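Note: hydrogens, waters and symmetry copies are ignored here, and every other heavy atom, side chains too, is used. Per chain, numbering begins at 1; letters A, B, ... match sequence-line order. Just so we're clear, the structure is a prediction, and the values are computed from it rather than from any experiment.
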2 protein chains.
Amino acid sequence: MTTRSFLMTHRHPRLTDAERTALNNAVAHVREVPARHVLVREGVPLSQCTLLTRGFIHRYKDTQDGRRQILALHIPGDFVDLHSYPLKRLEHSVAATTDVEIAVFPHQAIRELTLISPNLTELLWRSTLIDAAINREWLVSIGARSAAVRIAHLFCELRARMERVGMADEHGFELPITQVDLADATGLTPVHTNRMVRQLRDQKLVDFRDRRVVIHDLDRLIDFAQFDTGYLFFD
Amino acid sequence: MTTRSFLMTHRHPRLTDAERTALNNAVAHVREVPARHVLVREGVPLSQCTLLTRGFIHRYKDTQDGRRQILALHIPGDFVDLHSYPLKRLEHSVAATTDVEIAVFPHQAIRELTLISPNLTELLWRSTLIDAAINREWLVSIGARSAAVRIAHLFCELRARMERVGMADEHGFELPITQVDLADATGLTPVHTNRMVRQLRDQKLVDFRDRRVVIHDLDRLIDFAQFDTGYLFFD
DNA sequence: CGGCCGATTGATGGACATCAATGGGAGTGG
DNA sequence: CCACTCCCATTGATGTCCATCAATCGGCCG
């Protein structure tokens with residue numbers, strides 16, 4: 001499977017063909033993992049990274065009192081835990097949200113990439129920082145936005161990211177996560193999440209049902225959600 | 001001033017003397033900036049990074065409805081916006097919380113460092129990722145912890161980080177920020193923040209007053225705050 | 001068919017927000 | 001040296017958003 005292009009490298013026209021090839025060759029193997037499987041457990045020393053090629057993955061942290069905070073939702077094309085390369089371990093866990101297919105990059109292979117190409121290194125570094133920018137936007141959402149806006153904002157973000165990899169258009173996208181997941185991502189209870197989802201539906205802003213997000217009027221949703229793509233660094 | 005060691009490189013014994021020197025030589029100049037001065041505005045193209053050498057800096061984002069979410073608090077020794085190097089711009093703003101002294105690193109100088117030393121590159125990369133880990137812990141705090149615990153947790157974090165640079169001990173530390181800042185960092189209103197600060201004081205867990213955090217029993221505070229240093233990657 | 005999970009809805013409670021006012025300390029100008 | 005102002009801390013009263021508790025329903029699967 002190493003003949004296949006795992007990374008959306010067309011987004012990075014500055015990469016040379018050699019760099020592109022090296023990147024694809026860094027994949028040790030491809031693996032399928034069933035939904036809910038925990039890929040990485042908090043604190044465990046790691047020696048490889050995961051690129052998601054199919055399905056959804058989330059990163060999360062459990063608190064002492066039994067709550068779960070989802071820190072990130074990943075879509076195909078995302079380097080889920082590239083930050084484990086410089087950090088050596090993660091301070092959170094990683095799990096498959098749905099059945100997934102992943103490409104495994106040994107840390108050693110990434111190290112070799114960084115040795116041959118500062119350019120590629122910067123690309124990878126940048127990728128981990130865009131993840132961090134998304135973390136910060138979620139911080140703004142949870143800290144300063146109302147429940148309904150928070151949910152709408154997340155839908156906008158996921159739509160924008162998924163559109164980028166051809167999995168969404170202005171009318172919506174498949175989102176195979178539960179309302180419980182959505183609640184854990186937005187810092188709300190499942191019950192209140194359900195009510196807010198209903199409210200957004202009633203207001204005809206966005207309809208999340210049957211694992212699918214349907215958008216009636218994207219501009220109106222974006223306006224409601226106070227959404228600005230800037231933090232996704234699509235440039 | 002380039003003879004002075006700006007980075008806490010003793011924390012990274014793997015660096016060679018040459019690397020250490022190169023890092024220190026990458027400083028273009030040192031500058032003083034008064035409290036409240038905005039160092040970086042959201043979205044503006046950047047060509048340099050800032051290392052904080054004295055005082056406090058915060059990173060924040062203003063929302064449409066006039067709220068401010070503080071995304072990070074920085075203490076001396078922190079590379080405040082190193083992520084602007086791979087990202088070229090920031091999606092948030094950066095401001096001096098107090099009067100500060102900063103060391104300026106041109107992106108070009110950082111680029112040269114990355115060309116001569118993959119080792120150093122990884123150190124810098126790692127530094128930006130630890131910042132991201134802190135972002136995520138704040139996400140857990142705001143999303144899943146009560147107001148009082150949230151505040152206590154932030155005090156624990158700052159204490160641990162400041163102890164590392166000799167600015168705190170088990171009994172407390174100077175924290176020259178206002179309750180309004182604390183509120184904006186924790187996603188609470190200043191009024192409720194004030195009540196929680198008082199409650200923490202009454203419970204003799206931690207006393208934040210007169211720009212100083214006084215801790216009676218650190219173990220008890222850590223326990224109350226559900227604080228675990230793991231995410232700070234002190235290893 | 002029974003059991004389980006996720007979605008849904010109602011009733012109630014509580015944590016935190018909002019509104020409003022006072023007080024104190026620091027800086028400024030008369 | 002004393003008003004005056006401004007910012008920050010503080011407190012009370014009230015309101016509301018979201019949490020909690022509890023129950024039902026539907027679909028899926030063994």
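One interatomic measurement links the two molecules: CD1 of B:I151 to C1' of C:dA15, which rounds to 13 Å at whole-angstrom precision. Taking atom CZ on A:R211 and atom C1' on C:dG6, their separation rounds to 10 Å, with Å as the unit. Note: CG (A:L182) to P (C:dG6) measures 14 Å, nearest angstrom. In this structure, CD1 of A:I142 is placed 11 Å from P of D:dA19, rounded to the nearest angstrom. Whole-Å rounding puts the B:R36 CZ to C:dG27 C1' distance at 14 Å. For the pair B:R145 CZ and C:dC16 P, the computed distance is 14 Å after rounding to whole Å. For the pair B:D184 CG and D:dA9 P, the interatomic distance rounds to 12 Å; values are reported in whole Å. What separates NE2 of B:H192 from C1' of D:dT16 is a distance of 14 Å, to the nearest Å.
No donor-acceptor contact under 3.5 angstrom links the side chains of A:T186 and A:H153, judged on distance only. A donor and an acceptor atom, one from each side chain of B:T178 and B:D181, are located under 3.5 Å apart. A side-chain donor-acceptor contact under 3.5 Å links A:E101 and A:T53. No side-chain N or O of A:H216 forms a donor-acceptor pair with one of A:R201 less than 3.5 Å apart.
Ring centers of A:H58 and A:H92: at least 6.0 Å apart, outside the cut-off. Two rings, from A:F155 and A:F227, have their centers 6.0 Å or more apart.
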**Asked** Does the pair B:D184 and B:Q69 meet the rule for a side-chain contact (heavy atoms from CB on, under 4.5 Å), with working shown?
**Response** CA-CA 5 Å; B:D184 287 342; B:Q69 177 65 47; over 6 Å; no
I'd like a table of atom pairs between the protein and nucleotides 7-9 of chain C - only N or O on both sides, under 3.5 Å - with the distance next to each one.
| from | atom 1 | to | atom 2 | distance (Å) |
| --- | --- | --- | --- | --- |
| C:dA7 | OP1 | A:Q179 | N | 3.1 |
| C:dA7 | OP2 | A:Q179 | N | 2.9 |
| C:dT8 | OP2 | A:Q179 | NE2 | 2.6 |
| C:dT8 | OP2 | A:N194 | ND2 | 2.8 |
| C:dT8 | O5' | A:N194 | ND2 | 3.3 |
| C:dT9 | OP1 | A:R198 | NH2 | 2.8 |
| C:dT9 | OP2 | A:R198 | NE | 2.5 |
| C:dT9 | OP2 | A:R198 | NH2 | 3.2 |

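Computed from C1' positions of five pairs at each end, the angle between the two local axes of the helix from C:dC1-D:dG30 to C:dG30-D:dC1 equals 30°, rounded to 10 degrees.
At a threshold of 4.5 Å between non-hydrogen side-chain atoms, the residues B:V104 and B:V27 do not count as touching.
A donor-acceptor contact shorter than 3.5 Å is absent between the side chain of A:R212 and the backbone of A:L175.
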